[in-house]
K.L.:
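For reference, the structure I am asking about is given below.
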Amino acid sequence: MQANTNKAAAPAGAPAPAGSAGTSRRDAARGSGDAAGRSRGPGSGRRNPAVSREARLGLLLVLPAVAVIVILIGYPTISSIWYSFTDRMVGSPGHFIGLANYTRLATDSGFLSAAANLVLIVGISLLLKLVLGTLVAVILNRPMPGRNLWRLLVMLPWAMPGFVAFMGLRLMFESPYGAINVALESFTSPVPFLSDPTWARISVVLATVWRGFPFWAISILAALQTIPKELYEAARMDGASTWQQFVNITVPQIRSTVAVIAVISAIWTANGFENIWLMTQGGPSTTTMTFPVLSFLSLQSRQLGQAAAYAVVILPVMALFIMLLSRRKKEI
Amino acid sequence: MQKRGRLTTLLGMAFLALLVVPPVYYMVIASLKPRSAIYRTPSWLPERSSLDNYAKVLFNDHFLVNIGNSLIVALMTTLLAMILGVLAAYAIARFKFPGRNVASQLILMSYLTPMVLLFIPLSVVVGNLGLADTLPGLILVYLTFAVPLCTWLILGHFREFPVDLEEAASIDGATKMRTLVSILLPVSAPALATAASLAFMMAWGELFLALTFVKGQAVMTAPVALQHMSTGDVQQYGPIMAGAVLSAIPVLVVYYISQRWVVQGASEGAFKG
């Protein structure tokens, strides 16, 4: 009874700390106003009841999120690494087989293609997103009628769900009846955009760029808008051309923003699944294979150990991206 | 000189329109064409428009159920992640307790952990919990990206917000939790909106995990259902595009409302701290 009234008195959203007795808790809550106020100062390391109560409440609040992370992220991460050293299948726990799943990669065409595409598809997509994103940001930064509407329009590819974007793009690149082939009908015979190895890579890159460039454009636009106009005015007085202004003022001013966006975008693109899955499923053969698709396909073939090895082997690359990211952060 | 400037502006606008509009336009007119006319008479012109495809996808293909599933999953994921995120961020930003730094590092690292690494053991965990092929199972799995994302974004904001107001409130005798609800949350509305919008948008459009975790027609989310339609024997582009257009609408509405914050939030989530 006592505990019940106490719970009702506590503000909404506060789960009652387990094991604290009703009355004493209410008293502590009353009294802690002053104590907490004082304990906030520089010398707050002092041990007093209010502090340990604070520590308990703090732990309690952070516990659900940490539990989710430990159970749903930490444990699976470690399991994945363990699985990758076993021949585990769906329905069979498997045995430790050392590095067999990894040594097999050297002759695995899917893996080799995914590794190459980390540079070819992910790398080239990033480069094109940089160029296109900068160009669009520069255009949007000029005075133009209905600028806010244009910004909204430009964001459309990024704002719509990924699967919608890539299903639509698939329809563009289809052969022989896709939208691009229809438009080219009178000039050329149908181009096998998705079934020719080279064209498939190009199409996937173009689709990935279309989906991702708005994020670059809007982020770069935000950086452009922080550049003081006086810099450009001074440069114009000195007779600098538009291109010279871009190279000598704009580029240095947006460089650090671009570096951060590049790493984030690299992480997203390297982990991208919809772009490949909905366009080519990694094909033709394994030409457009990437690590997420590779891993997904091997789960479908029930080879859990091998699927885990595909996922683990990309970890050093991810770790590198994350290291780059935290270094960039410090510079800003 | 001025004439040249206006020409550049016009060229710029034409470039933006040509860049963005064609795929969207084609998708929309494809969804409006009579069934299979996309293949029989492919064209960029919206001839003989009809809503047949929308009727078919919604009523014959039970897509309404899939949209409903997506809505449940996205809303529940967002709600749970926001509750856990606000509590954890508040604790890390304002409380002193052992393991505080570890918790904050853990959240950043888990935000950057690739999904590919998690989904195989997760399918075992979810199976053992008896949640395989259920919406709660998928929601649980979505917490793996939504909780770190929300916590990290909200934490960044809480850390920036000066503690003075809250200290004043605590001198007035308000409890910690009352301070959170009545002072910190209201002033954090934009950050909360950003985190919630991003979580909703990500959960709504997620395909990779959904393909692994929900397989039955009754529990499929919108992207999974459309993906299945597109790999079926007959590629029915009309209804698929109608479904795609329908599933884009809720996300575009959320994006439109929160656009001022979302882009910045998306990158902040990754590089603050």
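Just the heavy atoms: all of them, side chains too, but no hydrogens, waters or symmetry mates, feed the values below. Reminder, nothing fancy here: chain letters follow the sequence lines and each chain counts from 1. Remember, predicted model here, so these are calculated numbers, not experimental data.
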K.L.:
Measure Y75(A) against the heavy atoms of chain B and call it side chain, backbone, both or neither at under 4.5 Å.
P.N.:
side chain

K.L.:
Under a 4.5 Å cutoff for heavy-atom pairs, which residue among R88(A), M144(A), R142(A) has the most contacts with chain B?
P.N.:
R142(A)

K.L.:
Taking every heavy-atom pair that is under 4.5 Å apart, which of N181(A), I314(A), L299(A), L63(A) has the most such pairs with chain B?
P.N.:
L299(A)

K.L.:
Under 4.5 Å heavy-atom distance to chain B, tell me which part of M160(A) shows up: side chain, backbone, both or neither.
P.N.:
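Both backbone and side chain.
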
K.L.:
Please classify the contact between A319(A) and chain B as side chain, backbone, both or neither, with a heavy-atom cut-off of under 4.5 Å.
P.N.:
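Contact with chain B involves no heavy atom of A319(A) at all.
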
K.L.:
Quick check on the interface: out of S79(A), A159(A), S84(A), who has the most heavy-atom pairs with chain B under 4.5 Å?
P.N.:
A159(A)

K.L.:
Given that the side chain runs from C-beta out, which part of W277(A) has a heavy atom under 4.5 Å from chain B: side chain, backbone, both or neither?
P.N.:
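Side chain of W277(A) only, per the 4.5 Å heavy-atom cut-off to chain B.
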
K.L.:
Given a strict heavy-atom distance threshold of 4.5 Å, which part of L153(A) is in contact with chain B: side chain, backbone, both, or neither?
P.N.:
both

K.L.:
Among L156(A), V164(A), I81(A), who wins on heavy-atom pairs under 4.5 Å with chain B?
P.N.:
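Top option by heavy-atom pairs under 4.5 Å: V164(A).
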
K.L.:
Non-hydrogen atoms of chain B under 4.5 Å away: do they reach the side chain of V68(A), the backbone, both or neither?
P.N.:
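The side chain, not the backbone.
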
K.L.:
Where the side chain of S80(A) meets the backbone of T77(A), is there a donor-acceptor pair that is under 3.5 Å apart?
P.N.:
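Between the backbone of T77(A) and the side chain of S80(A) there is no qualifying donor-acceptor contact (under 3.5 Å).
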
K.L.:
Between F95(B) and Y90(B), is the gap from one ring center to the other below 6.0 Å?
P.N.:
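Between Y90(B) and F95(B), which both carry aromatic rings, the centre distance is below 6.0 Å.
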
K.L.:
Heavy-atom distance under 4.5 Å to chain B: side chain of M172(A), backbone, both or neither?
P.N.:
side chain

K.L.:
Quick check against the 3.5 Å criterion: does S295(A) have a side-chain atom that pairs as donor or acceptor with the backbone of P292(A)?
P.N.:
no

K.L.:
Y310(A) versus chain B, heavy atoms under 4.5 Å apart: side chain, backbone, both or neither?
P.N.:
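Neither part.
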
K.L.:
Can you say whether L315(A) sits under 4.5 Å from chain B via the side chain, the backbone, both, or neither, judging by heavy atoms?
P.N.:
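When you check distances to chain B, only side chain atoms of L315(A) fall under 4.5 Å.
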
K.L.:
If only atom types and distance count, is the side chain of S104(B) paired as donor or acceptor with the main-chain N or O of R100(B) below 3.5 Å?
P.N.:
no

K.L.:
Among the options A89(B), A88(B), P223(B), A91(B), pick out the one with the most heavy-atom pairs lying under 4.5 Å from chain A.
P.N.:
P223(B)

K.L.:
Show the nearest heavy-atom pair for residues Q281(A) and L297(A), with the distance to one decimal.
P.N.:
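So the minimum-distance heavy-atom pair works out to O-CD1, 4.4 Å.
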
K.L.:
Which atoms of P145(A) are under 4.5 Å from chain B, going by heavy atoms: the side chain, the backbone, both sets, or neither?
P.N.:
both

K.L.:
Taking L72(A), V312(A), L278(A), I180(A) one by one, which has the highest count of heavy-atom pairs under 4.5 Å against chain B?
P.N.:
L72(A)

K.L.:
Is it the case that the side chain of R211(A) and the backbone of W158(A) share a donor-acceptor pair, with hydrogens and angles ignored and the cut-off at 3.5 Å?
P.N.:
yes

K.L.:
To check you understand the geometry: which heavy-atom pair defines the closest contact between W150(A) and A17(B), and what is its length?
P.N.:
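Taking W150(A) first and A17(B) second, the nearest heavy atoms are CZ3-N, 3.9 Å.
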
K.L.:
Name the orientation class of the two ring planes belonging to F145(B) and Y142(B) (parallel below 30°, tilted from 30 to 60°, perpendicular beyond 60°).
P.N.:
tilted

K.L.:
Locate the shortest heavy-atom distance separating R94(B) from E54(A); write the atom from each residue and the value.
P.N.:
O-OE2, 4.1 Å

K.L.:
Which answer fits I267(A), side chain, backbone, both or neither, if we ask what part of it has an atom under 4.5 Å from a heavy atom of chain B?
P.N.:
side chain

K.L.:
Assign the ring pair F208(B) / F296(A) to parallel, tilted or perpendicular, where the plane angle (0 to 90°) is split at 30° and 60°.
P.N.:
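Because their plane-to-plane angle lies in the 30° to 60° range, the rings of F208(B) and F296(A) count as tilted.
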
K.L.:
Heavy atoms only, distances under 4.5 angstrom: which of P250(B), A103(B), G243(B), S247(B) has the most pairs with chain A? Name it, please.
P.N.:
S247(B)

K.L.:
Could you check which of V154(A), V136(A), V70(A), L152(A) has the highest count of heavy-atom pairs closer than 4.5 Å to chain B?
P.N.:
L152(A)

K.L.:
Would you mind checking which part of L132(A) comes under 4.5 Å of any heavy atom in chain B, side chain (CB onward), backbone (N, CA, C, O), both or neither?
P.N.:
side chain

K.L.:
Minimum heavy-atom separation for S258(B) to S197(B), with atom names?
P.N.:
OG-OG, 3.1 Å

K.L.:
Counting only heavy atoms closer than 4.5 Å, note whether L304(A) contacts chain B via side chain, backbone, both or neither.
P.N.:
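Both backbone and side chain.
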
K.L.:
Please look at I73(A) and chain B and tell me whether the side chain, the backbone, both or neither of the residue comes under 4.5 angstrom of a heavy atom of that chain.
P.N.:
both

